*Asks:* 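I'd like to ask some things about the structure below.
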Amino acid sequence: VQLQASGGGSVQAGGSLRLSCAASELRVSNYNMGWFRQAPGKEREFVAAIRWNSATYYADSVKGRFTCSRNNGKNTVFLQMNMLKPEDTAVYYCAATSRVGTPDGPSDYNYWGRGTLVTVSS
């Protein structure tokens with residue numbers, strides 16, 4: 001299984017970025033697909049996820065600013081990030097899990113991709 005995250009970059013506060021996570025050997029429509037981030041010196045934290053049934057859920061810190069979506073035909077999930085803040089600066093990871101419910105802990109996820117760096121300047 002491979003998960004390839006892309007789309008990171010440097011933006012100013014208030015700007016937007018869209019991250020993508022392309023999967024191979026795994027159908028994103030059959031898994032809960034999550035996004036996590038890890039800032040320097042901090043633990044990895046949950047950001048957002050889209051469930052197998054297309055329901056989404058978010059960390060409080062990103063609600064109303066980030067949107068998680070999926071393209072089944074391209075077997076890819078997306079994280080649209082708007083109104084970015086300097087505190088959103090981190091390496092962002094996508095992950096997959098077959099756990100039911102709304103898993104939001106790193107240990108809940110079975111498969112991980114390499115991260116993509118997002119830097120937001122003030």
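The model shown is predicted, which means the values in this text are computed figures rather than measured ones.
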*Asks:* Looking at Tyr93, is Arg114 sitting on its ring face, NZ or CZ under 6.0 Å from the six-membered ring centre and within 45 degrees of the normal?
*Replies:* no
*Asks:* Report the C-alpha distance between Val118 and Leu19 in whole Å, list the side-chain angles of each, state the deciding distance to 0.1 Å, and finish with yes or no for side chain to side chain contact (heavy atoms under 4.5 Å, CB included).
*Replies:* CA-CA 9 Å; Val118 171; Leu19 305 184; 4.1 Å; yes
*Asks:* Would you compute the distance between atom OG1 of Thr89 and atom CG of Leu84 and round it to the nearest 0.5 angstrom?
*Replies:*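 The CG atom of Leu84 is 8.5 Å from OG1 of Thr89, to the nearest 0.5 Å.
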*Asks:* So how far is it from Glu45 CD to Ser61 OG, rounded to the nearest 0.5 Å?
*Replies:*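 OG of Ser61 is found 5.5 Å from CD of Glu45.
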*Asks:* Can you tell me how far the CE atom of Met81 sits from the OG1 atom of Thr67, to the nearest 0.5 Å?
*Replies:* 11.0 Å
*Asks:* Heavy-atom count around Glu87 CD within 6.0 Å, excluding the residue itself: above 12?
*Replies:* yes
*Asks:* Applying side chain to side chain contact (heavy atoms under 4.5 Å, CB included) to Val28 and Thr76, what does each step give before you reach the verdict?
*Replies:* CA-CA 7 Å; Val28 298; Thr76 300; over 6 Å; no
*Asks:* What are the two closest non-hydrogen atoms of Asn30 and Trp52, and how far apart are they?
*Replies:* C-CB, 4.0 Å
*Asks:* Could you check if a side-chain atom of Thr116 sits within less than 4.5 angstrom of a side-chain atom of Gln4, using non-hydrogen atoms only?
*Replies:* no
*Asks:* To the closest 0.5 Å, what do you measure between CG (Asn110) and OG (Ser98)?
*Replies:*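 Answer for the CG-OG pair, Asn110 versus Ser98, is 5.0 Å.
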*Asks:* Between Ala96 and Leu26, which heavy-atom pair has the shortest distance, and what is it?
*Replies:* CB-CD1, 3.7 Å
*Asks:* How many angstroms lie between CG in Asn75 and CD in Glu25, if you round to the nearest 0.5 Å?
*Replies:*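 Those atoms lie 11.0 Å apart.
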*Asks:* Mind jotting down which residue pairs meet the salt bridge (Lys or Arg N to Asp or Glu O under 4.0 Å) criterion with at least one end in residues 49-67? Sequence neighbours excluded, please.
*Replies:*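 For residues 49-67, and leaving out neighbouring residues, the salt bridge (Lys or Arg N to Asp or Glu O under 4.0 Å) pairs sorted by first residue read Asp60-Lys63, Arg65-Asp88.
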*Asks:* Testing Tyr109, Tyr57, Trp35 for ring pair (Phe, Tyr, Trp, His ring centres under 6.0 Å) with Phe46, which one passes?
*Replies:*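 Going through the options one by one, the only one that passes is Tyr57.
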*Asks:* What are the two closest non-hydrogen atoms of Ala13 and Ser122, and how far apart are they?
*Replies:* CB-CA, 4.3 Å
*Asks:* Is the Lys NZ or Arg CZ of Arg18 less than 6.0 Å from the centre of Phe78's six-membered ring, within 45° of the axis?
*Replies:* yes
*Asks:* Which atoms form the tightest heavy-atom contact between Ser121 and Pro86, and what is the distance?
*Replies:* C-CG, 4.5 Å
*Asks:* If we only count heavy atoms from C-beta on, is the Gln80 to Ser16 side-chain gap below 4.5 Å?
*Replies:* yes
*Asks:* For Trp112, I'd like to know if atom CH2 has over 12 heavy atoms of other residues, nucleotides or ligands within 6.0 Å.
*Replies:*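 Yes, CH2 of Trp112 has more than 12 neighbouring heavy atoms, counting only those of other groups under 6.0 Å.
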*Asks:* Taking Phe36 as the starting point, is it possible to reach Val77 by hopping between hydrophobic residues whose side chains are less than 4.5 Å apart?
*Replies:*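 No, no single cluster joins them.
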*Asks:* Would you say the side chains of Arg70 and Ser29 form a donor-acceptor pair under 3.5 Å?
*Replies:* no
*Asks:* Under a single-linkage definition using a 4.5 Å side-chain heavy-atom cutoff for Ile, Leu, Val, Met, Phe, Trp and Tyr, are Met83 and Val62 assigned to the same hydrophobic cluster?
*Replies:*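 Unlinked, Met83 and Val62 end up in two clusters.
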*Asks:* Which heavy-atom pair separates Leu3 from Ala23 by the least distance, and what is that distance?
*Replies:*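 For Leu3 and Ala23, the tightest heavy-atom pair comes out as CD2-CB, 3.6 Å.
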*Asks:* Determine whether Pro103 and Asn32 make a side-chain contact, defined as any pair of heavy atoms from C-beta on separated by less than 4.5 Å.
*Replies:* yes
*Asks:* Can a donor-acceptor pair be found between the side chains of Thr97 and Asp108 at a distance below 3.5 Å?
*Replies:* no
*Asks:* Show the nearest heavy-atom pair for residues Tyr58 and Cys68, with the distance to one decimal.
*Replies:*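 Closest pair (atom of Tyr58, atom of Cys68, distance): OH-N, 2.9 Å.
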*Asks:* Please answer whether the main-chain N or O of Asn72 pairs with a side-chain N or O of Arg27 as donor and acceptor at a distance below 3.5 Å.
*Replies:*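 Judged by distance alone, yes, a pair lies under 3.5 Å.
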*Asks:* Roughly how far apart are Leu79 CG and Phe66 CZ, rounded to 0.5 Å?
*Replies:* 6.0 Å
